[in-house]
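Some notes on the structure that comes next.
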There are 2 protein chains.
Amino acid sequence: MIEKIEKEAKKYFVGSDGCHDWSHVERVRKLALMIGKKEKADLFVLEIASLLHDIKRKEEIDSKGSFCHATEGEKEGRMILDKYNISDKQKKNICHCIRTHRFRNNDQPKTIEAKVLFDADKLDSIGAVGLGRAFLFAGSVGSCKMYTNKEKEIAKLDKDMTFKEGDSAILEYEVKLKKIKNMMMTKAGKEIAKDRHNYMVEFIKRFWLEVKGKK
Amino acid sequence: MIEKIEKEAKKYFVGSDGCHDWSHVERVRKLALMIGKKEKADLFVLEIASLLHDIKRKEEIDSKGSFCHATEGEKEGRMILDKYNISDKQKKNICHCIRTHRFRNNDQPKTIEAKVLFDADKLDSIGAVGLGRAFLFAGSVGSCKMYTNKEKEIAKLDKDMTFKEGDSAILEYEVKLKKIKNMMMTKAGKEIAKDRHNYMVEFIKRFWLEVKGKK
């Protein structure tokens with residue numbers, strides 16, 4: 001059944017950009033299962049929720065954010081799930097995971113599975129992979145730079161911002177990536193986040209030394 | 001005079017992509033002066049050559065590589081230099097630096113200044129900055145990914161390749177960045193390259209561990 005759902009989910013990612021492509025789902029799935037084992041979560045729920053969590057992401061990006069991919073993803077996901085023999089309780093949990101994996105409003109992840117998926121998804125934004133994604137994302141947005149030297153200043157404003165032309169990869173780090181380690185909801189997630197965060201800090205330190213020609 | 005030439009050079013970079021923008025020139029300039037001091041090079045020649053080395057880069061990219069920015073950059077650079085009171089010997093050397101900074105054909109950097117500029121330019125492609133540029137570049141090329149898992153296989157073919165749609169940032173590393181440390185022409189360049197190379201190797205190791213959910 002998981003294989004079938006995987007096949008269905010994959011279709012939504014044809015033509016996705018390099019930050020939100022199927023490889024993101026694969027990484028989130030691995031992280032979620034790894035953390036889920038430690039947190040004694042329902043791995044069946046977790047694996048399916050991982051596969052389905054971003055199925056509406058491409059459409060959200062293509063429509064320039066006219067809807068929330070988590071909310072719409074839940075609806076679409078429910079339609080897929082209804083085709084399979086899954087208990088109502090698990091189905092409800094999977095839907096809850098999809099809906100709350102973003103957690104930007106008050107719709108908080110409540111089940112352990114939703115908390116694990118939230119952590120796994122956010123963890124993919126930090127560490128070496130997260131840095132790669134941030135630079136790749138900056139490149140995919142017109143005329144974006146590696147840095148502008150205005151990052152610290154903008155980050156101080158502490159606004160919830162959407163990445164736009166003229167921004168930089170380093171701004172993404174200063175405004176978003178830096179804060180992720182404090183958002184973790186599970187113990188195992190916190191541990192991985194700490195390690196990935198520290199790695200990023202070292203990378204950024206070195207990055208600036210190189211920029212100044214000191215390394 | 002340097003300030004005036006800098007102002008002239010900067011104009012060529014309006015609207016450049018984040019990999020080949022003015023910040024690249026600034027980094028190359030710093031590296032070139034740092035290495036140049038150690039190598040007892042003519043720092044005046046080196047600084048001007050750094051400022052002018054990529055003035056035709058944007059046009060080359062915009063024209064999808066219909067000419068070589070090093071060869072054309074030499075011609076354009078000579079026209080700029082002719083407006084200033086620079087000795088013929090130095091002017092000749094600056095032009096030689098611009099023409100040979102790319103070194104893909106038999107036109108090898110011969111003066112110590114040309115060797116230093118070559119090293120400085122290549123060094124900006126490796127280390128933390130080089131990794132950032134590789135991911136950003138992949139993002140700027142349509143539908144490029146972080147990785148495709150086919151990188152080692154393609155790299156084995158050992159072809160001189162141009163980055164195109166469907167390629168990945170990791171391919172850039174496997175095909176180009178990995179080899180740069182062996183291209184250095186100066187002692188100081190070699191030392192910096194070794195350090196930057198080792199840093200990249202560690203980054204890539206960690207990157208794959210994270211991809212596999214093992215970090």
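Per chain, numbering begins at 1; letters A, B, ... match sequence-line order. Computed over heavy atoms, backbone and side chain alike; hydrogens, waters and symmetry mates excluded.
Among A:L31, A:V129, A:L131, the residue making the largest number of heavy-atom pairs under 4.5 Å with chain B is A:V129. Note: A:E210 leads A:E210, A:R133, A:K215 in heavy-atom pairs under 4.5 Å with chain B. For chain A, the option among B:M34, B:K214, B:M146 with the highest count of heavy-atom pairs below 4.5 Å is B:M146.
Ring geometry for B:Y199 against A:Y199 counts as parallel: the plane angle stays under 30°, on a 0 to 90° scale with 60° as the upper cut.
Within residues 20-30 of chain B, the residues approaching chain A closer than 4.5 Å by heavy atoms are, in numerical order, B:D21, B:S23, B:R27, B:K30.
The shortest heavy-atom contact between A:K145 and B:S16 is NZ-O, 3.0 Å.
For a residue to count as touching a neighbouring chain, one of its non-hydrogen atoms must lie under 4.5 Å from one of that chain's; by this rule A:L123 does not touch chain B.
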